[in-house]
Every structure is written in structure tokens, then in C-alpha cells.
Amino acid sequence: MKIVTFYLLISATFICSGQSKKFENWSQSEKSQYYKLFDLARYVNGKVKDEISKDTLFSKYIFFDYVLNDTNAERREQRLATFDTLFYRFRKIIDSFGLKNLDAKPVRYYKGHEIYEPFDEKLTQKSIGGPKMYTKDSNVFAYYRKEEPENPIGVLVFEPETSKLLAWIMIDQGGYKYFLTFNLF
């Protein structure tokens, strides 16, 4: 019995140590966004569309306040319908690779990788409607397969105050890169 107890204590120490090392140099906001992302991924993992509650998605995980507060009911319903199509892309990544095979970290850890180019002040162009993309990199994560952390698959942006997922699709049109979202900052 003492051996089992000793083994459990040692295992718990290594697990806790590994977790704290993983989040070394992460801000509280980044940790909150990371946990929110993986809570969302666990919530949708293995579920069909009809098993996923939009109320739960919007209240806990996805920042959709701008659309939900829209006073034009027709526009709101149209955007809610479009959400299903866009959210499928997020779910497809989880279904394709498997939740246990995915991980994420702040995009700032990829400054030498091409995925960071939209956030690099020297490389990015001014966006069509305003500031350069790089001004938003503090709320952006890169996600990747655990066996290939040096090769991120894509990026996700979070709403800074709620840590909810704001966008998971980046568009590249004519050298301008931006996140596809219905919400306004």
C-alpha cells in the first residue's frame, strides 16, 4: 500500500510540474483562453450538429454577442444559420485529428514560422478597414497536432474580456489577411 501511495504522489508531482511548465510565461488571459478552447472542444467532440446547443455555445464558449443583440430579427436569424456552416469547420478539425491529438499555444511562440506572418509588423500590410493584423496577436492561438508542434495547422482568435472564441477562420484575399467574424471589437 505504501508503494502505491508513493507512486501516486510521484505521478501527481510530475503531472503538476508538466502542466506548470507548459504554461510557463503564459499570461492569465492566455491560460483562460486555452482552458475555454479545450472545454469547447470537449463539448463538441463526437457530437452531431443536433446534439450541440447553440445556447450553450454562445453562453459559455463562443463570443457571438454582437449577433445575438442585433435588433434586426431577420439579419440575426440569417447570421445564426450561417454560423452552423462556419462552425462545421471548427468541429471538422477536431473530428479529423481527434481531440487527444490536438493542442494549442499562443501564436507568439511561432514568430519564426509562416503562420505568424499576418501578425509580424514588418511583413503584414495594413488591413483594408484599419490597423495591421499584428496589433491583435495577444489573443491569438495556433493549434497543432501534438506529434508535430512545430507545424501549426491554423489560428484562433479570442475575445479578450470573456476569453470566448471569436473566430477560427482566417481569410487571405489579395495579400490582406483577416479573421472571418460577425462580431465587432
Side-chain angles (χ1 to χ4, degrees), residues 7-64 82-120 133 136-160 162-172 177-181 183:
Y7 176 74
L8 289 174
L9 287 173
I10 294 296
S11 297
T13 302
F14 282 118
I15 290 169
C16 291
S17 169
Q19 283 295 334
S20 63
K21 188 170 185 147
K22 174 182 181 149
F23 297 119
E24 193 173 317
N25 298 321
W26 285 36
S27 69
Q28 281 303 115
S29 178
E30 289 169 335
K31 290 176 191 175
S32 178
Q33 292 163 356
Y34 178 86
Y35 290 128
K36 185 83 68 167
L37 170 63
F38 279 92
D39 283 347
L40 168 60
R42 280 189 289 275
Y43 175 68
V44 301
N45 186 36
K47 291 183 179 176
V48 294
K49 178 183 163 188
D50 295 342
E51 295 176 319
I52 299 170
S53 163
K54 282 186 185 172
D55 290 340
T56 299
L57 289 177
F58 300 145
S59 69
K60 292 183 175 184
Y61 305 115
I62 297 176
F63 190 81
F64 215 62
T82 303
F83 171 82
D84 288 336
T85 305
L86 297 176
F87 191 61
Y88 173 76
R89 185 168 176 180
F90 177 83
R91 289 181 34 232
K92 184 179 176 189
I93 296 289
I94 296 168
D95 293 342
S96 296
F97 296 107
L99 181 58
K100 67 180 189 258
N101 298 318
L102 293 170
D103 207 353
K105 62 183 171 184
V107 76
R108 64 187 166 86
Y109 287 102
Y110 290 98
K111 288 189 177 177
H113 192 279
E114 68 185 65
I115 202 159
Y116 192 79
E117 287 178 9
F119 310 100
D120 188 323
M133 178 74 88
K136 305 276 188 222
D137 77 339
S138 62
N139 297 306
V140 180
F141 273 67
Y143 59 93
Y144 55 88
R145 294 178 61 176
K146 285 182 181 177
E147 58 269 358
E148 296 180 4
E150 68 283 351
N151 294 317
I153 301 166
V155 289
L156 310 159
V157 66
F158 292 85
E159 196 279 327
T162 64
S163 294
K164 290 181 179 180
L165 185 60
L166 184 60
W168 50 93
I169 299 172
M170 185 180 281
I171 306 285
D172 181 356
K177 294 183 181 179
Y178 55 93
F179 284 104
L180 179 60
T181 178
N183 296 288

Novice: Using the test side chain to side chain contact (heavy atoms under 4.5 Å, CB included), find all partners of Ser29 that sit at least two apart in sequence or belong to another chain.
Specialist: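 For Ser29, the residues satisfying side chain to side chain contact (heavy atoms under 4.5 Å, CB included) (neighbours in sequence not counted) are Ser27, Gln33, Asn139.
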
Novice: Would you please name every residue forming a side chain to side chain contact (heavy atoms under 4.5 Å, CB included) with Glu150, sequence neighbours left out?
Specialist: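 Glu150 satisfies side chain to side chain contact (heavy atoms under 4.5 Å, CB included) with Glu148 only.
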
Novice: Between CZ of Phe97 and NZ of Lys92, what distance do you get to the nearest 0.5 Å?
Specialist: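 One gets 9.5 Å once the value is rounded to the nearest 0.5 Å.
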
Novice: Kindly say whether Tyr116 contributes a backbone atom to a donor-acceptor pair with the side chain of Lys111 at under 3.5 angstrom?
Specialist: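 Checked: no pair found.
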
Novice: Go through it in stages, so that I can follow the logic: the residues are Phe38 and Asn45, the test is side-chain contact (heavy atoms from CB on, under 4.5 Å), and I'd like the CA-CA distance, side-chain angles, deciding distance and then a yes or no.
Specialist: CA-CA 10 Å; Phe38 279 92; Asn45 186 36; over 6 Å; no

Novice: Just jot down the side chain to side chain donor-acceptor pair (under 3.5 Å) partners of Lys54, sequence neighbours excluded, or say none.
Specialist: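 Counting only residues at least two positions away or on another chain, Lys54 forms a side chain to side chain donor-acceptor pair (under 3.5 Å) with Asp84.
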
Novice: Taking ring-ring contact (aromatic ring centres under 6.0 Å, His included) as the definition, give me every residue that meets it alongside Tyr43, ordered by chain and number, with sequence neighbours left out.
Specialist: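 Here the qualifying residues are Tyr61.
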
Novice: Check the pair Tyr143 / Leu37 against side-chain contact (heavy atoms from CB on, under 4.5 Å), numbers first and verdict last.
Specialist: CA-CA 10 Å; Tyr143 59 93; Leu37 170 63; 5.6 Å; no

Novice: Do Lys105 and Tyr110 have side chains that approach each other closer than 4.5 Å (heavy atoms only, starting at C-beta)?
Specialist: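 In short, these two side chains touch, coming nearer than 4.5 Å.
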
Novice: I need the Gln28 CD to Ser163 OG distance, nearest 0.5 Å.
Specialist: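 With rounding to 0.5 Å, CD (Gln28) is 10.0 Å from OG (Ser163).
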
Novice: Can you name the side chain to side chain donor-acceptor pair (under 3.5 Å) partners of Thr56, sequence neighbours left out?
Specialist: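 With neighbours one apart ignored, the set is Ser53.
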
Novice: Quick one: side chain to side chain donor-acceptor pair (under 3.5 Å) partners of Asp95, sequence neighbours excluded?
Specialist: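 Counting only residues at least two positions away or on another chain, Asp95 forms no side chain to side chain donor-acceptor pair (under 3.5 Å).
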
Novice: Is the backbone N or O of Ile62 less than 3.5 Å from a side-chain atom of Lys36, with the two atoms forming a donor-acceptor pair by type?
Specialist: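 Pair absent, no side-chain N/O of Lys36 close to backbone of Ile62.
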
Novice: So do Asn151 and Tyr144 actually touch side chain to side chain, heavy atoms under 4.5 Å?
Specialist: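 No, too far: nothing below the 4.5 Å cut-off.
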
Novice: Return the set of residues passing ring-ring contact (aromatic ring centres under 6.0 Å, His included) with Tyr88 (not counting sequence neighbours), or none when no residue passes.
Specialist: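 ring-ring contact (aromatic ring centres under 6.0 Å, His included) check on Tyr88 returns nothing, list empty.
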
Novice: Would you give the length of the straight line joining atom CG of Asp39 to atom CG of Leu165, rounded to the nearest 0.5 angstrom?
Specialist: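 These two atoms lie 12.5 Å from each other.
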
Novice: For the residue pair Arg108 and Trp26, establish whether any side-chain heavy-atom pair is separated by less than 4.5 Å.
Specialist: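 They are in contact (side-chain heavy atoms under 4.5 Å apart), so the answer is yes.
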
Novice: For Glu147, what residues pass the side chain to side chain donor-acceptor pair (under 3.5 Å) criterion, not counting sequence neighbours?
Specialist: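 Checked Glu147 against side chain to side chain donor-acceptor pair (under 3.5 Å); matches are Arg145.
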
Novice: Side chains of Phe158 and Leu166, heavy atoms from C-beta outward: is any pair under 4.5 Å?
Specialist: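 Sidechains of Leu166 and Phe158: no contact.
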
Novice: Only counting residues at least two apart or in another chain, list the ones meeting ring-ring contact (aromatic ring centres under 6.0 Å, His included) with Phe87.
Specialist: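 Phe87 satisfies ring-ring contact (aromatic ring centres under 6.0 Å, His included) with Phe83, Phe90, Trp168 only.
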
Novice: Looking only at non-hydrogen atoms, find the nearest pair between Lys164 and Ser59 and report the distance.
Specialist: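 Reported closest heavy-atom pair: NZ-O, 3.2 Å.
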
Novice: Decide yes or no for Phe141 and Glu30: does some side-chain heavy atom of the first lie under 4.5 Å from some side-chain heavy atom of the second?
Specialist: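 Of all side-chain heavy-atom pairs linking Glu30 with Phe141, at least one is under 4.5 Å.
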
Novice: Can you tell me how far apart CG (Leu99) and CD1 (Ile93) are? Round to the nearest 0.5 Å.
Specialist: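 One gets 12.5 Å once the value is rounded to the nearest 0.5 Å.
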
Novice: Checking Glu51 now: which residues fulfil side chain to side chain contact (heavy atoms under 4.5 Å, CB included) with it, not counting sequence neighbours?
Specialist: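 Side chain to side chain contact (heavy atoms under 4.5 Å, CB included) list for Glu51, sorted by chain: Lys47, Val48.
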
